[in-house]
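I have placed the structure first, in the form of structure tokens, so that the comments after it can refer back to it.
Note that the structure is a prediction, hence the values are computed from the model and not measured. A note on names: the letters A, B, ... follow the listed sequences, proteins ahead of strands, and every chain is numbered from 1.
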Amino acid sequence: MLDPKLLRNQTTFVAEQLSRRNIVFNVEAYTQLESKRRELQVKTQELQNERNTRSKSIGKAKAAGENIQPLLSQVAELGDALKAAEQSLAEVQAELEQLIQGLPNLLHASVPDGRNEDENVEIRHWGEPTVFDFEPKDHVDLTHGKGMDFETGAKLTGSRFVVMQGGIARLHRALTQFMLDVHTQHHGYEEMYVPYLVNQDSLFGTGQLPKFEEDLFKLQHDNEYYLIPTSEVPVTNLVRDEIIEAKRLPLRFTAHTPCFRSEAGSYGKDTRGMIRQHQFEKVELIQIVHPEQSWEALEELTGHAENILQRLELPYRVMLLCAGDTGAAAAKTYDLEVWLPGQGKYREISSCSNTQDYQARRMQARWRNPETQKTELVHTLNGSGLAVGRTLVAVLENYQNTDGSVTIPKALRGYMGGCKKILEK
RNA sequence: GGAGAGGUGGCUGAGUGGUCGAAAGCACCGGUCUUGAAAACCGGCGACGGUUUACCCCGUCCCAGGGUUCGAAUCCCUGCCUCUCCGCCA
């Protein structure tokens, strides 16, 4: 959520910034609503003040043993006027809240203009696309009949589900363990286990609700629970409604969870293989930091995700998302794209964002500044470290051999019981 | 699933209709003392919002949402959560 004060005091500036995201912010309508709010609030508070003052004098008179009847009759009309004022104020406030809660974050100055992913900018790359002396297969052909089974996934549930078997299932698990170990042992993150079902408050805090409900799976249950679309939701919300001591910052959490996405609106997109599933595993990186350190933290966090790809010796590039492709909560986002020989393309495998105080304000996640003794909003960052399913695809496709087998990357062999190759005949 | 007890400031914990935004303690901040530190003592110390150059002042908030009342932390209703005991269960 944007700072309401910023919106109020620098409305045209905010509107200009929002136009970078192709959002037309109606300054005049907002200004009118805001001045209406001000007017109603002053009026309501005056009435409340009067009620409080009179009630107190009634209390005093009663304590003094005086007759309070005349005082009571004086207050009679006040109640209705106050109730009416309170109600219209609540309506205007609700309207304003809805308006401001729907606005995305302001973009960092370094974010390039652009409408969609075609205008993202490559910042750097690592390694070169893998060279084969044969025609490389994609992961679907490579694993067909050998342990990656989309037909059975569809039988059990529906489209965009998979069943994995044997060495592939093990490799998938090995990747998860490997990622968690690297982040906890080398990058200073603390491993967390969190719920996979969350309530609306949590989804509001990280910004999925109210605007992006159609992307979520909602449970048919008395409680309004949702399956998490990413562990960013439960992990970031750990600090919701908390005031954190300065010396505890930065907080660095990592968690492995399944993620569930409805993929509404992506019909016909990536229908083949494991790239876009309704259920996938992800190892997430979350940082809760001092506001002045979030930009530095974004570079670090991105580096932590990159480190996984480097250890796996997978070629990738780092993309800076343009204005039109940056998510609503983020002020700036780097995507990591891994080389997929089967597609002959780089594909997103991680997304690392600094949301600054956007989520923190929605969550009321604060820290106490020792200099001022006041509470201030923290900054929150998140990034995939990495999407496990897509990493599995990347390993399979980049490490395939001409006989259809797949060599296990050196970094993973310890997690595979020393196994060097899978899918051998 | 059955029975009971609770949800109050950063934390612990008083407060059952009238200057209660709320005792006390801890933590924290400032000061006195001390060579320094600790202890002791003195003082300060909730969040959010409105107005204001600022001070002040005002409003809202004692789990959430309704209700009763001139007036609610306190009474009533609903929901959520926590704890204890019993039952069931991975």
Tell which nucleotide pairs with [N], taking only Watson-Crick or G-U wobble pairs whose two distances are both under 3.5 angstrom.
N       : result
rG36(B) : none
rG65(B) : rC77(B)
rA23(B) : none
rG43(B) : rC29(B)
rC56(B) : none
rC85(B) : rG2(B)

Between atom [atom1] in [X] and atom [atom2] in [N], what is the gap in whole Å?
X         : N       : atom1 : atom2 : answer
Lys374(A) : rG46(B) : NZ    : P     : 7 Å
Arg240(A) : rC63(B) : CZ    : C1'   : 13 Å
Glu86(A)  : rG67(B) : CD    : P     : 10 Å
Asp241(A) : rA64(B) : CG    : P     : 11 Å
Ile244(A) : rC28(B) : CD1   : P     : 19 Å
Glu97(A)  : rC48(B) : CD    : P     : 16 Å
Leu78(A)  : rG59(B) : CG    : P     : 13 Å
Leu377(A) : rA47(B) : CG    : P     : 13 Å

Phosphate-side-chain proximity, [X] and [N], N/O vs OP1/OP2 below 4.0 Å:
X        : N       : value
Asn49(A) : rC58(B) : no
Arg38(A) : rU51(B) : yes
Arg54(A) : rU69(B) : no
Asn52(A) : rG71(B) : no

Roughly how many Å apart are [M] and [N], using the [atom1] atom of each and rounding to a whole number?
N       : M       : atom1 : value
rU82(B) : rG30(B) : C1'   : 38 Å
rA73(B) : rA64(B) : P     : 12 Å
rG13(B) : rG7(B)  : P     : 10 Å
rG66(B) : rC58(B) : P     : 26 Å
rA47(B) : rG43(B) : C1'   : 23 Å
rC20(B) : rU60(B) : C1'   : 15 Å
rA22(B) : rA37(B) : P     : 34 Å
rA27(B) : rA5(B)  : C1'   : 29 Å

Across the strands shown, which category fits Thr375(A) at heavy-atom distances under 4.0 angstrom: base, sugar-phosphate, nothing?
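Since only primed, P, OP1 and OP2 atoms lie under 4.0 Å of Thr375(A), the category is sugar-phosphate.
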
Hey, does Arg361(A) reach any base, or is it just sugar-phosphate, or nothing, if we go heavy atoms under 4.0 Å?
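Touches nothing.
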
Positive for side chain to side chain donor-acceptor pair (under 3.5 Å) with Arg252(A), one of Glu300(A), His187(A), His183(A):
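The passing option is Glu300(A).
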
Counting only distance, no hydrogens or angles, is the base of rG18(B) paired donor-acceptor with the side chain of Lys62(A) under 3.5 Å?
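Answer yes: a donor N or O sits under 3.5 Å from an acceptor.
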
Distance-only side-chain donor-acceptor flag, Asn199(A) / Ser202(A), under 3.5 Å:
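Present: a donor and an acceptor within the cut-off.
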
Nearest to the side chain of [X], which nucleotide is it out of [options]?
X         : options                   : result
Lys83(A)  : rU68(B), rG50(B), rG59(B) : rU68(B)
Arg366(A) : rA47(B), rG59(B), rG49(B) : rA47(B)
Ile58(A)  : rU60(B), rG18(B), rG50(B) : rG18(B)
Arg51(A)  : rG50(B), rG10(B), rU60(B) : rU60(B)
Ser55(A)  : rG18(B), rG59(B), rU51(B) : rG18(B)

Work out which heavy atom in Arg54(A) is nearest to a heavy atom in Ser57(A); give both atom names and the distance.
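Answer, listing the atom of Arg54(A) first, then Ser57(A): O-OG, 2.7 Å.
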
Could you pull out the closest heavy-atom pair between Leu107(A) and Ala330(A), with the gap in Å?
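Smallest interatomic distance, heavy atoms only, reads CD2-O, 4.2 Å.
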
Relative to each other, are the rings of [X] and [Y] parallel, tilted or perpendicular (30° and 60° limits)?
X         : Y         : result
Tyr189(A) : His304(A) : perpendicular
Phe217(A) : His278(A) : perpendicular
Tyr415(A) : Phe178(A) : perpendicular

Hey, which of these two, Glu50(A) or Gln45(A), hits RNA chain B nearer its 5' end, going by closest nucleotide?
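Mapping each residue to its closest nucleotide by heavy atoms, the 5'-most match is Gln45(A).
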
5' precedence on RNA chain B between Arg8(A) and Glu46(A) (nearest-nucleotide basis):
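Residue closer to the 5' terminus by nearest nucleotide: Arg8(A).
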
With the side chain counted from C-beta on, respond yes when Arg38(A) and Gln41(A) share a heavy-atom pair under 4.5 Å apart, and no when they do not.
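Side-chain contact under 4.5 Å: no.
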
